[in-house]
Structures are given as structure tokens and as C-alpha cells.
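These notes concern the structure reproduced below.
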Amino acid sequence: MFRFGVYLYFLLSAGVCFASTVGKSHEFFHSIKLKKDQYITGEFSFSQPFIKAELIDENERLVRVLAKQQSTFKLYLLAQADHLFKVRVTSANKNLATINLSDPISQPAVSDNETLLSPIMQSLVTRLKGNNKVKVVDDFWRNVEKEGTPLVEYEQTDALVTFLWRGARHNVRLFGAPFGSHQDLEKIEGTDIWFKTYRLPTDSLISYQLAPDVPHVPNQPRASRIAIMATKQQDPLNPFIWQFEGTDKYATHSILTLKDTKHSPYLRDVSEHVYSLTQYNIASIRLNNTRDIAIYKHKDATPQSPTILFFDGKNYQSKLKVPNTLTNLVNDKKIPPVNAVFVSNVSRKTRGQELPPNPDFAWFMANELMPWLTKKGLSPSAQNTVLSGSSFGGLASMYVAMQYPDVFGNVLSQSGSFWWSPREGSKEQTEPQWLTRKIARDNYKKLSIYMNAGVFETGYFTIDILESNRHLRDVLNAKGYTVKYHEFSGGHDSYVWRNELADGLIYLLTNRKIINDEVK
């Protein structure tokens with residue numbers, strides 16, 4: 001354990017930990033010395049939230065932002081050369097830290113081969129068979145830098161999209177691929193060109209990162225998959241970016257849009273004077289924990305106005321910028337004035353315990369949170385209450401509403417994790433799609449439901465996001481529920497969720513009556 005203080009020094013196997021007082025803040029340092037191609041993982045836990053955690057080099061230059069306003073964070077670090085790194089944590093008060101670091105691993109991964117789909121890449125490979133290979137490669141990169149990446153070649157109904165990376169030594173992996181898993185790029189032998197081509201719908205929207213030289217962890221498939229966190233970063237040749245949670249390249253995503261991509265008109269910045277956003281925390285007796293809650297109120301909303309409750313509240317405030325979306329929708333008269341509640345997670349661990357079907361968490365939502373909101377000036381009817389979330393948050397929205405339809409009358413699920421089942425228990429429990437099977441057995445509940453899922457959300461689980469959403473849609477329709485279902489040309493992607501959110505809100509808040517042709 002390490003306490004912030006003045007000139008305290010501690011020795012660990014991975015380096016030296018020490019702390020110092022700077023003005024009114026306290027800084028904690030931990031040194032990590034690695035050789036070229038060594039990979040290390042670790043977890044840092046503190047007794048109370050810190051201001052920020054950063055990875056810096058030996059000259060105290062910023063390498064990447066690790067976390068902000070948290071009490072724990074994980075580190076995934078690959079050394080491109082022999083290097084001394086430092087983890088610097090700034091805290092407002094004295095703090096206690098616990099550090100767990102893995103042993104360094106040095107073995108690189110290997111990339112697979114693939115078939116050439118792109119005419120541009122086919123032409124390049126043909127030209128490389130000539131004598132002046134260096135000039136061909138230089139000309140190729142010069143043109144790519146001028147045009148930007150990824151390369152896009154339109155066909156009659158689709159687009160060939162080629163992701164590129166220059167100069168990795170061992171491998172390059174695509175994070176956010178139009179597929180349910182990470183994908184390896186292929187290297188053209190004798191060059192510095194790595195590439196991967198996909199055939200995509202022309203309305204696709206993807207946020208992605210590229211990870212060069214991802215470490216390989218022997219005999220540990222999951223650890224090797226997670227190792228992508230060490231190097232994933234923005235595409236340096238794509239000018240279109242999505243930036244949040246810091247300013248370094250590792251926290252920045254690159255954006256792919258195609259000629260028919262639909263862009264939401266409700267994402268623009270707004271003046272804050274038209275709404276208030278107030279931060280609170282609420283203690284739960286049932287769950288024995290305390291969480292952050294933020295309440296959004298449009299200036300024209302009343303206590304009885306429609307209220308949307310968003311799971312993963314901090315992400316929905318900062319990453320998805322939902323307050324902007326709500327305000328633009330109201331100001332453009334697409335939905336009535338609304339209130340919103342952003343329900344944050346206690347921690348990453350509790351997220352995985354609470355958002356998948358959890359009777360205690362559902363009870364908290366209906367019997368602790370909603371009465372607490374009444375005291376804060378929100379008293380919507382069930383018909384004017386919407387539960388919304390993505391991934392596990394979509395799963396939670398459906399489950400909690402099914403448990404308490406007299407409190408929550410509407411569900412907006414984005415890429416809901418309906419493949420989920422408890423990992424322990426009987427064979428019945430461990431089969432996939434636990435909630436879908438429960439809904440099929442239970443009596444009908446008076447709910448209006450909007451669901452969406454991405455056509456690229458396939459290929460990872462036994463039954464994936466796309467398939468399980470289609471199956472639940474069919475079960476809900478058969479049970480007589482009012483369901484609107486939509487598929488978008490994207491993946492499991494917060495950037496796409498923010499782009500698609502407005503359609504679900506407009507449907508649930510302004511168009512409750514639908515015809516059968518719309519339920520597909």
C-alpha cells in the first residue's frame with residue numbers, strides 16, 4: 001500500500017513508487033522499465049477517486065491519458081523501444097494505492113494472409129512485381145496521404161473499404177471492425193504496407209482504431225485479445241476523428257462514413273441556458289452502494305413531462321453527449337419537452353453484476369430511485385417513462401421494464417445483449433437468451449418498445465447481438481407487444497448509438513400507434 005505524502009519512496013520489483021505534494025494537489029509516480037517489444041499489464045486501485053492518471057516518459061512528456069475522475073484503472077503497455085515509463089496520478093487529497101503488475105512478455109503475434117478484393121490493391125501488387133519497388137511504394141503512400149484513409153471504391157450496390165497502416169513490424173489489428181471481433185491486417189511482403197479490405201453497405205458508419213504490433217500472450221487467448229489495448233490508436237491518415245476522455249491519440253477514434261451514411265441532425269452543440277444538468281448521488285439500501293445520478297431538465301419541461309432514464313450515465317453524458325441530442329430534439333419540436341436521468345455505474349465490476357437481469361437492481365430502480373426522483377421534482381407516469389441503454393444497458397432496460405411495467409412503460413434498447421444468460425446454475429440457466437425465454441413464458445405486459453442492432457454485430461458469441469435481437473423481436477411480436485425494430489449498417493459502437501438514438505426517442509415519445517407493416 002502506498003500513501004501520498006512528501007518525499008516518500010518505495011521500492012517494487014517493476015520500479016520505484018514515490019509521491020510528492022505539488023501545491024494543494026498530490027502526485028503519485030510509479031516507474032516501469034521495459035525493453036523493446038515487451039508487453040505488460042496492470043491494475044492500479046486507490047482508496048478514493050483521483051483527478052487524473054497519465055502515462056509519461058522519462059522526460060515527463062505525456063504518452064497517453066489513462067483515466068480521469070476514477071478510483072481504479074487498468075494499464076496495457078507495449079514498449080516500441082527500450083524505455084522508462086512513469087505512471088503519474090494526481091489526487092486532490094492523500095490517497096492509498098494498490099498495484100498489481102504482470103511479468104513482461106516479449107513474443108509478438110503473427111498476421112494471417114487474405115484474398116485481394118480491392119482493385120487498387122490488386123494493381124499495387126502487380127506494379128510491385130516490377131524493378132522499382134521502392135518508387136511504387138512511395139508513390140502509393142504519397143497518393144494515400146493526399147486522399148486519406150480508408151480507401152473507398154464504390155461498386156453498384158456496395159463499397160470496397162480498405163484499412164491501411166504503414167510500418168508495423170509484427171502485426172496490425174483493426175479495433176472496431178465491421179465484424180464481431182478484432183481483425184488482423186495483412187502485410188504485403190517486402191513493403192511497409194499493411195491492409196484489410198471489406199465489402200460494406202454504402203450507408204455504413206463505423207468508429208475504429210488501428211493497433212500496430214499487438215503483443216501475443218502465449219496460451220492465453222483472452223489475454224492476447226485484450227492486449228490490443230496497449231497500442232490501439234487513431235488512424236493517422238484519416239482526418240475524421242471522434243475525441244473524448246483525453247486528448248492523446250490512444251483515446252481518439254477515427255470515423256468512416258460512406259456516400260449514403262445517414263447523419264443525425266440532432267448532435268450539434270447547444271446553449272446550456274435552455275436546460276439544467278444537476279449532479280447528485282443516491283445511496284441504495286437494497287444494493288448497499290452509492291452511485292452518481294445526473295438530472296437533465298429542459299427549461300420547458302414540467303414534473304409530469306416524459307422522462308428518459310439512461311444506464312451507463314457518465315458515458316451517455318460525455319461520450320454520447322445525450323444532453324445535446326435531447327435539447328435539439330425538443331427545440332426542433334421533434335419530441336415534447338423532456339427530463340432525463342443519467343444512472344451511472346458504481347464501478348466496472350458492479351456494472352457486470354447489476355445491468356444483466358438482477359432483481360435487486362430492478363427493485364432499486366422502481367422502489368428507491370423513482371421515489372427519490374419524485375422528491376427532486378420528477379413525477380412522470382409509466383406511459384411517460386422510458387428506460388434506455390446500449391449493450392448491457394439495453395438488456396437492463398428490457399428486463400427492468402418487464403419486471404415493473406406499471407413504473408416504466410417504454411423501452412429503448414440499442415444493441416441489447418440479449419444473448420446473455422447466468423454463468424452458474426442449471427442447464428436451463430446456462431443456455432443463451434435467458435431473458436427472451438423468460439418473456440416467452442411470462443404474461444403480456446403493457447409496454448412500448450424500440451429496438452435497434454447493427455448488421456456487423458455478429459461472429460463472436462454462440463449467438464450474437466444481431467441474431468439475439470432478431471429473435472427477441474420475433475418473440476415480442478408473437479406475444480402482442482408494440483415493437484419497432486431497426487437495423488443499422490454499423491457495429492457495437494457508441495458513435496453509432498449516438499447517431500441512432502434520436503429515431504428511437506422520436507418514435508416512443510411522438511408515435512405510439514404503429515401499423516403492422518412497421519413491425520418487421
Legend entry - salt_bridge(Asp474, Arg470) N-O dist < 4.0 Å: no

Legend entry - Asn358 side chain to Asp360 backbone, donor-acceptor under 3.5 Å: yes

Legend entry - Rounded distance [0.5 Å steps], OG1 in Thr252 versus CZ in Arg64: 11.0 Å

Inset, instruction - Tell me yes or no: between the side chains of Tyr507 and Ser448, is some donor less than 3.5 Å from an acceptor? - result: no

Legend entry - Atom of Leu369, atom of Met365 and distance for their closest heavy-atom approach: CB-O, 3.5 Å

Inset, instruction - Verify side chain to side chain contact (heavy atoms under 4.5 Å, CB included) between Tyr154 and Leu160, making sure each step is shown before the conclusion. - result: CA-CA 6 Å; Tyr154 288 105; Leu160 293 171; over 6 Å; no

Legend entry - Test: Asp332 and Arg268 ion pair at under 4.0 Å: yes

Inset, instruction - Please examine the side chains of Pro212 and Gln233, heavy atoms only from C-beta on, and report whether any two atoms are closer than 4.5 Å. - result: yes

Inset, instruction - Give me the one residue out of Thr231, Leu185, Asp184 that meets side chain to side chain contact (heavy atoms under 4.5 Å, CB included) with Val172. - result: Leu185

Inset, instruction - Would you sort out whether Asp503 and Lys484 count as a side chain to side chain contact (heavy atoms under 4.5 Å, CB included), showing the intermediate values? - result: CA-CA 10 Å; Asp503 288 347; Lys484 175 70 174 180; over 6 Å; no

Legend entry - Exercise: do Glu467 and Thr458 side chains pair donor with acceptor under 3.5 Å: no

Inset, instruction - Report yes if some heavy atom in the side chain of Leu435 is under 4.5 Å from a heavy atom in the side chain of Phe418; otherwise report no. - result: yes

Inset, instruction - Look at the side chain of Thr327 and the backbone N and O of Pro323, then say whether any donor-acceptor pair between them is shorter than 3.5 Å. - result: yes

Legend entry - His253 and Gln234: CA distance, side-chain angles, deciding distance, side-chain hydrogen bond (donor to acceptor under 3.5 Å, both in side chains) verdict: CA-CA 5 Å; His253 287 233; Gln234 72 184 90; over 6 Å; no

Legend entry - Donor-acceptor pair between Asn238 and Tyr208 side chains, under 3.5 angstrom: yes

Inset, instruction - Compute both the distance and the angle, then confirm whether Lys314 meets the cation-pi test with Tyr316: under 6.0 Å from the six-membered ring centre, within 45 degrees of the axis. - result: no

Legend entry - Distance in Å, Ser390 OG paired with Leu501 CG, rounded so as to fall on 0.5 Å steps: 9.0 Å

Inset, instruction - Check the side chains of Ser468 and Gln433 for a donor-acceptor pair under 3.5 angstrom, ignoring hydrogens and angles. - result: no

Legend entry - Asp406, CG: over 12 other non-hydrogen atoms inside 6.0 angstrom: yes

Legend entry - Heavy-atom side-chain contact between Phe408 and Pro380 under 4.5 Å: no

Inset, instruction - Would you please test Phe175 and His182 for ring pair (Phe, Tyr, Trp, His ring centres under 6.0 Å) and show each step? - result: CA-CA 5 Å; Phe175 183 85; His182 310 154; 5.2 Å; yes

Legend entry - Closest approach of Glu153 to Pro119 (non-hydrogen atoms, all atoms of both residues): OE1-CD, 3.1 Å

Legend entry - Salt bridge flag under 4.0 Å for residues Arg351 and Asp312: yes

Legend entry - Pair Thr202-Asp260, side-chain donor/acceptor within less than 3.5 Å: yes

Inset, instruction - Would you confirm whether Arg291, through its side chain, and Ser344, through its main-chain N or O, come within 3.5 Å as a donor-acceptor pair? - result: yes

Inset, instruction - Start with the C-alpha gap between Asp203 and Ser489, add the side-chain angles, then the distance that decides, and say whether side-chain hydrogen bond (donor to acceptor under 3.5 Å, both in side chains) holds. - result: CA-CA 6 Å; Asp203 62 348; Ser489 297; 2.7 Å; yes

Inset, instruction - Ignoring hydrogens and angles, state whether a donor on the side chain of Trp497 or Ser415 is under 3.5 Å from an acceptor on the partner side chain. - result: yes

Legend entry - Student check: side-chain heavy atoms of Leu355 and Leu395 closer than 4.5 Å: no

Inset, instruction - Starting at CG of Leu387, measure out to CG of Leu412 and round the result to the nearest 0.5 Å. - result: 10.0 Å

Inset, instruction - Assign the ring pair Trp434 / Trp420 to parallel, tilted or perpendicular, where the plane angle (0 to 90°) is split at 30° and 60°. - result: perpendicular

Inset, instruction - Show the numbers, then the answer: is there a side chain to side chain contact (heavy atoms under 4.5 Å, CB included) between Val144 and Leu151? - result: CA-CA 8 Å; Val144 168; Leu151 301 180; 4.2 Å; yes

Inset, instruction - Please indicate whether Lys74 has more than 12 foreign heavy atoms, meaning atoms of other residues, nucleotides or ligands, lying under 6.0 Å from its NZ. - result: no

Inset, instruction - Using atom types as modelled and distance alone, determine if a side-chain donor or acceptor of Thr510 lies under 3.5 Å from a backbone N or O of Ile335. - result: no

Inset, instruction - Not counting sequence neighbours, which residues clear side-chain contact (heavy atoms from CB on, under 4.5 Å) with Leu267? List them please. - result: Ser264, Thr325, Arg498, Asn499

Inset, instruction - Kindly indicate whether the side chain of Ile255, heavy atoms from C-beta on, has any atom under 4.5 Å from the side chain of Leu205. - result: yes

Legend entry - Flag for Ser102-Thr41: side-chain donor and acceptor within less than 3.5 Å: yes

Inset, instruction - Look at the rings of Phe310 and Phe342 and say which category their plane angle falls in: under 30° parallel, 30 to 60° tilted, over 60° perpendicular. - result: parallel

Inset, instruction - State, with a plain yes or no, whether a side-chain heavy atom of Ile293 is found less than 4.5 Å away from one of Trp372. - result: yes

Inset, instruction - Establish, from distance only, whether the side-chain atoms of Glu354 and Asn289 form a donor-acceptor pair under 3.5 Å. - result: yes

Inset, instruction - Please confirm whether Arg286 makes a cation-pi placement over Phe364, using NZ or CZ under 6.0 Å from the six-membered ring centre and within 45° of the ring normal. - result: no

Inset, instruction - Run the numbers on Glu368 and Ser284 for side-chain hydrogen bond (donor to acceptor under 3.5 Å, both in side chains), then give the verdict. - result: CA-CA 7 Å; Glu368 291 185 307; Ser284 168; 2.6 Å; yes

Legend entry - Aromatic ring proximity, centroids under 6.0 angstrom, Trp165 and Phe195: no

Inset, instruction - Mind listing the closest non-hydrogen atom pair of Thr261 and Ser204 along with its distance? - result: OG1-O, 2.6 Å

Inset, instruction - Please check if atom NZ in Lys445 has more than 12 non-hydrogen atoms from other residues, nucleotides or ligands closer than 6.0 Å. - result: yes

Inset, instruction - May I ask you to say whether Glu155 pairs ionically with Arg199, meaning some side-chain N is under 4.0 Å from a carboxylate O? - result: yes

Inset, instruction - For Asn339 and Ser305, test the side chains for any donor-to-acceptor distance below 3.5 angstrom and give the result as yes or no. - result: no

Legend entry - Test item: Gln403 side-chain N/O and Trp363 main-chain N/O as donor-acceptor pair under 3.5 Å: no

Inset, instruction - Let me see the working for Ser397 and Phe311 under side chain to side chain contact (heavy atoms under 4.5 Å, CB included), right down to the final yes or no. - result: CA-CA 8 Å; Ser397 299; Phe311 295 114; 3.5 Å; yes

Inset, instruction - Examine the side chains of Asn171 and Asp213 and answer whether a donor and an acceptor come within less than 3.5 Å of each other. - result: no

Legend entry - Minimum side-chain heavy-atom gap Glu487-Asn452 below 4.5 Å: no

Inset, instruction - Step through the shown structure and confirm whether more than 12 heavy atoms of other residues, nucleotides or ligands are within 6.0 Å of OH on Tyr444. - result: yes

Legend entry - Check: Asn281/Thr290 side-chain N/O donor and acceptor closer than 3.5 Å: no

Legend entry - Note, Tyr280 side chain near Ile295 side chain (heavy atom, < 4.5 Å): yes

Legend entry - Donor-acceptor contact below 3.5 Å, side chain Thr197 vs main chain Leu117: no

Legend entry - Side-chain (Asp493) to main-chain (Ser207) donor-acceptor, under 3.5 angstrom: yes

